[in-house]
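First up is the structure itself, then whatever we jot down about it.
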Amino acid sequence: MKILDRAFFGRNTQIVAAELIGKILVLNQGGSLVSGKIVETEAYFGADDPASHAFRGVTPRNRVMFGPAGVSYVYFTYGNHHCLNIVTEADGVAGAVLLRALEPLSGLSIMKKRRGAKHQTTALANGPGKLTQAFGITRDHSEIDMTRGPFFVAEKAEEGFVHVQTAKRIGISAAQHLPYRFYLRGNPFVSVQ
DNA sequence: AAGGGGATTGCCT
DNA sequence: GGCAATCCCCTTA
């Protein structure tokens with residue numbers, strides 16, 4: 001397993017979002033390790049993207065999106081849920097990839113405890129809010145450098161063929177036609193095929 | 001200082 | 001399939 005570095009994230013957001021499909025998100029905290037394969041992402045840009053938090057320029061909330069790549073950006077929405085993003089593009093350029101769904105790999109029992117025992121394995125992290133709940137991610141996990149542990153993304157030594165499907169983003173009211181969502185085609189852990 | 005909307009989820013019908 | 005839950009942040013006054 002090789003940890004993705006800042007050079008990986010410091011590129012065009014659309015490319016990073018597509019290439020994150022199939023990579024492994026790992027969080028090792030409090031003596032418990034949880035991990036999952038990234039099966040769904042969305043790209044968010046800056047001034048050219050009306051659906052992005054960064055569309056109207058720098059604010060206290062979104063300023064991390066303008067900073068160095070490979071840093072986490074966690075925000076709270078709808079009064080209930082956290083969403084996890086990873087900052088992209090060169091330092092000074094706004095961009096981030098929203099992680100929308102994971103296929104759980106390690107720490108299944110921990111995720112089930114956090115999400116509620118009634119949930120199937122496929123429902124543990126098949127949505128941006130579910131994913132953060134399963135991993136125990138809150139705003140405390142924002143602005144963390146993810147290019148080293150204990151919170152990082154890695155790629156397996158040997159990666160099989162990854163069929164990345166492109167689609168429109170979900171749950172936004174602006175720029176709905178843009179093909180900025182990416183998912184692992186046919187994977188049952190994707191929120192919407 | 002206040003109001004409105006939001007990159008969602010789960011429960012109820 | 002519809003809607004409430006519930007809070008933070010941006011916008012405007």
Side-chain angles (χ1 to χ4, degrees), chain A residues 9 12-21 25 34 36 38-67 69-89 93-104 111-144 146 153 164-184 188-193:
Chain A
F9 294 106
N12 177 280
T13 306
Q14 224 172 323
I15 293 173
V16 177
E19 292 192 9
L20 276 174
I21 301 298
L25 178 70
V34 288
I38 298 169
V39 298
E40 184 177 345
T41 63
E42 283 180 2
Y44 286 89
F45 291 90
D48 298 329
D49 185 357
S52 172
H53 286 178
F55 179 57
R56 296 173 193 282
V58 183
T59 68
R61 177 170 73 151
N62 69 20
R63 67 186 169 84
V64 63
M65 284 185 71
F66 293 80
V71 175
S72 61
Y73 169 44
V74 179
Y75 64 86
F76 188 78
T77 191
Y78 291 106
N80 292 319
H81 305 289
H82 297 276
C83 291
L84 170 64
N85 304 254
I86 306 177
V87 175
T88 57
E89 306 283 350
V93 179
V97 174
L98 169 68
L99 302 191
R100 284 192 54 90
L102 301 174
E103 175 178 337
M111 295 190 210
K112 280 182 180 157
K113 188 180 293 180
R114 288 174 178 151
R115 291 273 301 127
K118 61 182 178 292
H119 291 291
Q120 302 286 328
T121 302
T122 49
L124 289 180
N126 65 334
K130 300 177 189 178
L131 179 163
T132 53
Q133 189 182 10
F135 271 58
I137 291 170
T138 66
R139 267 195 312 283
D140 292 342
H141 297 81
S142 196
E143 302 188 48
I144 292 175
M146 296 183 68
V153 182
V164 178
Q165 177 73 41
T166 304
K168 292 184 260 188
R169 293 179 291 191
I170 294 177
I172 56 174
S173 54
Q176 298 177 351
H177 64 287
L178 297 172
Y180 289 168
R181 184 165 76 99
F182 306 92
Y183 61 90
L184 192 52
F189 298 86
V190 171
S191 69
V192 181
Q193 290 286 341

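When reading the values below, keep in mind they use all heavy atoms of this one structure, side chains included, and skip hydrogens, waters and symmetry mates.
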In B/S/- notation (B base, S sugar-phosphate only, - none; protein heavy atoms under 4.0 Å), nucleotides 6-13 of chain C written 5' to 3' is BBSSSS--
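Looking at residues two or more places apart in sequence or on another chain, you find a side-chain contact (heavy atoms from CB on, under 4.5 Å) between A101(A) and V39(A), E40(A). Scored by the salt bridge (charged side-chain N to carboxylate O under 4.0 Å, His left out) test, R63(A) finds E143(A) as partners (sequence neighbours excluded). Every residue meeting the side-chain contact (heavy atoms from CB on, under 4.5 Å) condition with S142(A), not counting sequence neighbours, appears here in chain and number order: Y73(A), V74(A). Listed by chain and number, the residues in a side-chain contact (heavy atoms from CB on, under 4.5 Å) with V93(A) are E89(A), A90(A) (sequence neighbours excluded). Residues satisfying the ring pair (Phe, Tyr, Trp, His ring centres under 6.0 Å) test with F76(A), not counting sequence neighbours, are H82(A). With sequence neighbours left out, the side-chain contact (heavy atoms from CB on, under 4.5 Å) criterion links L178(A) to R169(A), A175(A), Y180(A).
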Between side-chain atoms of residues 118-131 of chain A and protein atoms elsewhere (two or more places apart, or another chain), which donor-acceptor pairs fall under 3.5 Å?
residue	atom	partner	partner atom	Å
H119(A)	NE2	R115(A)	O	3.3
N126(A)	OD1	K130(A)	NZ	3.0

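Within a heavy-atom distance below 4.0 Å of DNA chain B, the residues of residues 42-51 of chain A found are Y44(A), A51(A). Of the residues in residues 125-138 of chain A, not one comes within less than 4.0 Å of DNA chain C through any heavy atom.
Side chains of F182(A) and V16(A) form no contact here, defined as non-hydrogen atoms less than 4.5 Å apart. In this structure, Q165(A) and I21(A) have side chains that are not in contact, with every pair of non-hydrogen atoms separated by 4.5 Å or more. Residues N62(A) and F55(A) have side chains not in contact (no heavy-atom distance under 4.5 Å, counting atoms from C-beta outward). In this structure the side chain of F135(A) reaches within 4.5 angstrom of the side chain of M111(A), judged on heavy atoms.
The CD1 atom of I86(A) sits 4.5 Å away from atom CZ of F9(A), with the distance rounded to the nearest 0.5 Å.
Residues H119(A) and G171(A) each lie close to DNA chain B; by heavy-atom proximity, the contact nearer the 5' end of the strand is made by G171(A). For the pair K118(A) and I170(A), both in contact range of DNA chain B, the more 5′-proximal nearest nucleotide belongs to I170(A).
Taking every nucleotide of DNA chain B with any atom under 4.0 Å from a non-hydrogen atom of chain A, the first and last of them, 5' to 3', are dG6(B) to dC11(B).
A side chain to side chain contact (heavy atoms under 4.5 Å, CB included) with I137(A) is found for exactly one of T132(A), L99(A), V34(A), I144(A), namely T132(A).
Using a 4.0 Å heavy-atom criterion, one finds that R100(A) contacts the sugar-phosphate atoms exclusively. Nucleic acid contact class of L98(A) (heavy atoms, under 4.0 Å, all strands): base. No engagement by R181(A) is indicated, since no non-hydrogen atom pair under 4.0 Å with the nucleic acid exists.
DNA chain B forms stems at B:1-6 with C:7-12, B:8-12 with C:1-5, each a run of 3 or more consecutive Watson-Crick or G-U wobble pairs whose two key distances fall under 3.5 Å.
Of all heavy-atom pairs spanning R114(A) and A134(A), the tightest one is NH1-O, 2.9 Å. Scanning all heavy atoms of the two residues, the minimum distance from H141(A) to G136(A) falls at CE1-O, 3.2 Å.
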